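See below for the structure under consideration.
The chains referred to below are lettered A, B, ... by the order of the sequence lines, with proteins before strands, and numbering in each begins at 1. Keep in mind that this is a model prediction, so the values were computed, not measured. Just the heavy atoms: all of them, side chains too, but no hydrogens, waters or symmetry mates, feed the values below.
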Amino acid sequence: MRLFDSSKRRMVDFVPLKEGEVRIYVCGPTVYDDAHLGHARSAIVFDLLRRTLEALGYRVIFMKNFTDIDDKIIKKVKESGRSLEEITTHYIRRYLEDMEALGVLRPHIEPKATESLDAIFHMIQRLLEEGIAYRTEKGDIYFDTSKDRAYCSLSHRCDEESLSRIEPDPLKRNPADFALWKGCKGEGDICFDSPFGPGRPGWHIECSAMIQKYLAYKEGPYQIDIHGGGADLLFPHHENEAAQTRSACSRELASYWLHNGFVTISGEKMSKSLGNSFFVKDALKVYDGEVLRFYLLSTHYRADLNFNEEDLVASKKRLDKLYRLKKRIYGVSPSSVNPTLRDEVLSALQDDLNISRALAVLDEMVKRGNEMLDRNPKERGVKRELAANIEFISQLLGVGGRDPYSYFQIGVDEESRARIEALIEERSRAKRERNFEVADRIREELKEMGIAIMDTPQGTVWEKI
RNA sequence: GGCGCCAUAGCCAAGUGGCUAAGGCAGGGGCCUGCAAAGCCCUGAUCCCCGGUUCGAAUCCGGGUGGCGCCUCCA
């Protein structure tokens with residue numbers, strides 16, 4: 001497997017720290033609001049990475065955190081009058097629902113920052129002992145970036161010109177220094193007891209501490225294999241994570257750093273501060289989760305994806321074709337996946353998750369499958385292999401695993417269904433009587449209801465348009 | 001200002017030194033069909049511009065132009 005490593009800024013061969021096993025950490029959401037499409041994309045691309053590694057035979061341990069203590073959450077607590085726990089529990093549940101709708105496999109480990117305070121204390125303590133962290137008069141504890149020789153080796157973005165943009169803070173020794181612990185601001189602040197007095201952790205420390213606690217190998221130059229997250233986290237978040245672990249544990253956090261591109265709207269990054277966020281829950285009202293997943297998956301993970309409905313529809317049509325093929329082989333039991341298909345898809349994904357190449361192989365399989373079935377519709381061996389191919393694909397990409405008939409009838413209620421089927425029956429009768437005028441009128445009527453029908457040797461089937 | 005990324009057909013998008021530049025959507029033509037739909041076949045590219053390196057460049061180098069990101073919370 002080849003991956004683009006952000007730290008080295010080039011493509012590298014992936015070699016796991018322990019043979020046959022891969023440990024991955026991905027930065028999860030701060031749970032103060034619903035997930036938007038950017039969160040969805042990040043989750044989906046790293047889910048693809050996980051599935052690919054699993055398909056290659058690795059035992060994967062996948063971890064994703066919930067940041068459940070943070071300025072924005074506290075702000076929400078104050079505004080809403082609800083408790084911190086109420087809010088974070090709510091948004092964690094919402095996140096998990098969204099992820100499930102998008103076919104994202106549940107991580108093996110899902111720690112929360114507030115449940116990892118012991119590990120956080122421990123790491124801060126170490127940094128204080130080593131003289132790398134310092135306290136300020138306000139009760140905050142900062143990380144002294146000048147004490148870490150390798151600081152900036154990940155993001156390569158800490159030249160003076162850049163750092164001069166950071167708002168100066170007289171309490172900090174260096175501009176890039178960041179808070180490990182924020183002392184309690186008094187009345188109204190949400191604070192935890194700690195060996196350093198009441199307060200709460202800084203944003204970056206939780207990841208380093210939780211990785212060490214839950215996921216890290218105990219020995220070796222690196223703690224875990226892969227650390228992933230959105231490209232906006234590279235600096236300062238990941239740089240700081242790396243610095244903390246390096247300084248507290250005397251080794252590197254991850255041997256590979258991966259970053260996904262943004263979801264943009266009209267070419268601009270989707271973000272809550274820009275107010276152009278598109279929430280997953282809202283998208284799911286209009287588009288099926290699987291279609292959304294397929295769309296977000298179909299652009300290479302490092303490139304930006306400019307969200308628009310036209311491309312999403314094109315993506316849906318591409319997925320439709322897979323499901324139509326699946327209809328044609330309905331009910332047959334799968335034999336074994338075509339080895340060439342398997343190799344080609346996996347070798348594409350092994351090339352830094354080249355999804356475009358993988359999907360081109362998939363399209364080719366669909367086309368050739370249809371062609372073979374056109375020529376010989378009864379060929380059982382072909383059908384069984386196609387069934388196996390589709391099963392393989394659906395495992396790997398997380399799309400195409402559904403019942404093909406229900407896929408085309410998503411969102412149609414029982415009442416409409418009965419009406420549609422009655423109309424189709426009426427039309428079939430008309431057709432038998434060669435009353436094509438009536439038959440065509442019924443087709444039109446169905447079309448107006450948003451239903452397309454198609455006559456097949458097995459009878460008339462319908463799809464929601 | 002610093003550090004980066006990107007620019008391939010109407011749209012999305014692979015390809016990063018060498019046969020006719022993948023694939024999908026849309027469009028056009030055909031086969032099939034009572035008519036359709038679906039499916040299949042055929043059909044589309046001065047690879048942003050200008051220089052350079054090379055026998056040969058979308059692909060490498062230099063310079064432009066345009067777009068975007070990080071440096072502040074961010075997936």
Side-chain angles (χ1 to χ4, degrees), chain A residues 6 9 26-30 32-33 35-46 64 67 70-72 75 152 155-167 175-176 203 228-237 239 259-264 267-274 277 295 298-300 302-306 308 310-321 324-325 327-328 348 351 354-364 366-375 377 431 434-437 439-440 443-444 447 452-456 460-463 465:
Chain A
S6 303
R9 291 172 159 179
V26 175
C27 284
T30 301
Y32 72 103
D33 205 348
H36 64 208
L37 293 176
H39 296 104
R41 184 172 186 219
S42 182
I44 288 167
V45 300
F46 288 109
K64 180 154 63 181
T67 298
D70 157 276
D71 286 349
K72 289 188 292 282
K75 188 169 171 237
C152 226
S155 68
H156 312 282
R157 283 182 200 173
C158 320
D159 51 286
E160 286 201 11
E161 299 287 349
S162 285
L163 294 179
S164 69
R165 292 224 152 192
I166 298 174
E167 210 171 312
W203 176 35
D232 46 1
L233 298 183
L234 180 56
F235 186 86
H237 185 52
E239 190 70 57
H259 291 91
N260 65 274
F262 303 126
V263 176
T264 61
E268 282 192 316
K269 181 186 171 190
M270 179 182 293
S271 75
K272 286 169 188 169
S273 45
L274 279 176
S277 293
Y295 172 55
S298 60
T299 293
H300 183 85
R302 279 190 286 116
D304 288 347
L305 184 155
N306 191 30
N308 71 84
E310 193 187 334
D311 295 343
L312 196 150
V313 168
S315 218
K316 178 190 183 303
K317 288 184 178 176
R318 200 176 189 179
L319 183 58
D320 286 352
K321 292 173 81 161
R324 289 209 184 92
L325 177 62
K327 273 187 183 173
R328 297 186 73 176
D351 183 15
N354 189 330
I355 190 69
S356 296
R357 241 172 72 204
L359 293 181
V361 176
L362 170 62
D363 291 332
E364 180 66 23
V366 171
K367 183 184 279 193
R368 285 196 12 99
N370 276 317
E371 189 214 333
M372 284 188 288
L373 293 175
D374 280 353
R375 247 185 301 153
K431 271 180 62 183
R434 302 196 66 78
N435 188 347
F436 297 120
E437 205 179 309
D440 289 347
R443 184 207 296 286
E444 268 310 303
K447 197 175 170 187
I453 54 171
M454 32 208 62
D455 295 328
T456 75
T460 302
V461 297
W462 61 275
E463 295 178 0
I465 299 167

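Among residues two or more places apart in sequence or in another chain, the side chain to side chain contact (heavy atoms under 4.5 Å, CB included) test is passed with A:Arg443 by A:Arg427, A:Asp440, A:Ile453. With sequence neighbours left out, A:Arg318 forms a side chain to side chain donor-acceptor pair (under 3.5 Å) with A:Asp363.
Under 3.5 Å, the side chain of A:Asp455 and the base of B:C35 form at least one donor-acceptor pair of N or O atoms. Donor-acceptor pairing under 3.5 Å, judged by distance alone, is absent between the side chain of A:His300 and the base of B:A13. Looking at A:Asp440, its side chain comes within 3.5 Å of the base of B:G34 through a donor and an acceptor atom.
The CG atom of A:Asp304 sits 14 Å away from the C1' atom of B:A13 (whole-angstrom rounding). Counting to the nearest Å, the P atom of B:G2 and the CG atom of A:Leu234 are 19 Å from each other. One atom, CG of A:Leu373, and another, P of B:C40, lie 10 Å apart when rounded to the nearest Å. Straight-line distance from the CG atom of A:Asn306 to the C1' atom of B:A13: 13 Å, rounded to whole Å. To the nearest angstrom, P of B:C35 lies 17 Å from NZ of A:Lys447. Atom CZ of A:Arg165 is separated from atom P of B:C3 by 12 Å (rounded to the nearest Å).
Backbone-only engagement by A:Leu233 is indicated by non-hydrogen atom pairs under 4.0 Å involving sugar-phosphate atoms exclusively. Residue contacts for A:Gly38: at a heavy-atom cut-off of 4.0 Å it reaches a base atom on one of the strands shown. Residue contacts for A:Asn354: at a heavy-atom cut-off of 4.0 Å it reaches the sugar-phosphate backbone alone, with no base atom in range. Across all strands shown, A:Arg328 has heavy atoms under 4.0 Å from sugar-phosphate atoms exclusively, and none from any base. Within the nucleic acid shown, A:Phe235 comes within 4.0 Å of sugar-phosphate atoms alone, with no base atom in reach, counting heavy atoms only. Among the atoms of the strands shown, none is found under 4.0 Å from any heavy atom of A:Val26. Note on A:Arg302: nothing from the nucleic acid sits closer than 4.0 angstrom, heavy atoms only. Within 4.0 Å of A:Ile453, counting heavy atoms only, lies at least one base atom of the nucleic acid. Residue-level contact check: A:Arg443 touches the bases, meaning some heavy atom is under 4.0 Å from a base atom.
Comparing A:Gly229 and A:Met454 by the nucleotide of RNA chain B that holds the closest heavy atom to each, the one mapping nearer the 5' end is A:Met454. The 5' end of RNA chain B is approached more closely, in terms of each residue's nearest nucleotide, by A:Ser164 than by the other of A:Gly267 and A:Ser164.
Taking the P atom of each, B:C50 and B:A14 are spaced 25 Å apart, rounded to whole Å. Comparing B:U8 with B:U46, their C1' atoms are spaced 12 Å from each other, to the whole Å. When the P atom is compared between B:A45 and B:A58, the two are found 16 Å apart, to the nearest whole Å. Rounded to the nearest Å, the gap between the C1' atom of B:G44 and that of B:C11 is 13 Å. Taking atom P on both B:G66 and B:A21, the two are 31 Å apart, rounded to the nearest angstrom. Comparing the P positions of B:U43 and B:A22 gives an interatomic distance of 12 Å, to the nearest angstrom. With both ends at atom P, the span from B:C35 to B:U20 equals 42 Å, rounded to whole Å. Only the P atoms considered, B:C49 is 14 Å distant from B:G10, to the nearest whole Å.
The side-chain heavy atoms of A:Leu234 and A:His156, taken from C-beta on, include no pair separated by under 4.5 Å. Contact check for A:Leu373 versus A:Leu325: side-chain heavy atoms found under the 4.5 Å cut-off. Put simply, the side chain of A:Ser271 does not reach to within 4.5 Å of the side chain of A:Phe262, judged on heavy atoms. In this structure, A:Asn308 and A:Tyr295 have side chains that are in contact, with non-hydrogen atoms separated by less than 4.5 Å.
B:U20 is unpaired under the Watson-Crick or G-U wobble criterion, no partner having all donor-acceptor distances under 3.5 Å. Using N1 to N3 plus N6-O4 or O6-N4 for Watson-Crick, or N1-O2 and O6-N3 for G-U wobble, each under 3.5 Å, B:A7 pairs with B:U65. When Watson-Crick and G-U wobble pairs are counted only if both distances are under 3.5 Å, B:C40 pairs with B:G30. Under the Watson-Crick and G-U wobble criteria, each requiring two contacts below 3.5 Å, nucleotide B:C35 is left unpaired. The base-pairing partner of B:C60, taking Watson-Crick or G-U wobble contacts with both distances under 3.5 Å, is B:G52. Nucleotide B:G1 has B:C71 as its partner under the Watson-Crick or G-U criteria, with both atom distances under 3.5 Å.
Within the structure, every side-chain polar atom (N or O) of A:Asn260 is placed at least 4.0 Å from both OP1 and OP2 of B:A75.
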(request) Encode nucleotides 20-27 of chain B as B, S and - characters from 5' to 3', where the letter depends on protein heavy atoms closer than 4.0 Å: B to the base, S only to sugar-phosphate, - to neither. (result) --BSSSS-
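Of all the heavy atoms in A:Arg41 and A:Thr299, the pair that sits closest is NH2-O, 3.7 Å. Considering every non-hydrogen atom in both A:Glu239 and A:Cys152, the closest pair reads OE2-N, 2.6 Å.
A salt bridge links A:Glu463 with A:Arg324: at least one charged nitrogen is closer than 4.0 Å to a carboxylate oxygen. Using a cutoff of 4.0 Å between basic side-chain nitrogens and carboxylate oxygens, A:Lys367 and A:Glu371 are not scored as salt-bridged.
With distances taken from any side-chain atom of A:Ser162 to the nucleotides B:G39, B:G69, B:G2, the minimum falls on B:G2. Residue A:Glu268 has its side chain nearest to B:G69 when only B:G34, B:A13, B:G69 are considered. Of the candidates B:C40, B:C70, B:C35, B:C40 carries the atom nearest the A:Asn370 side chain, counting heavy atoms from C-beta on.
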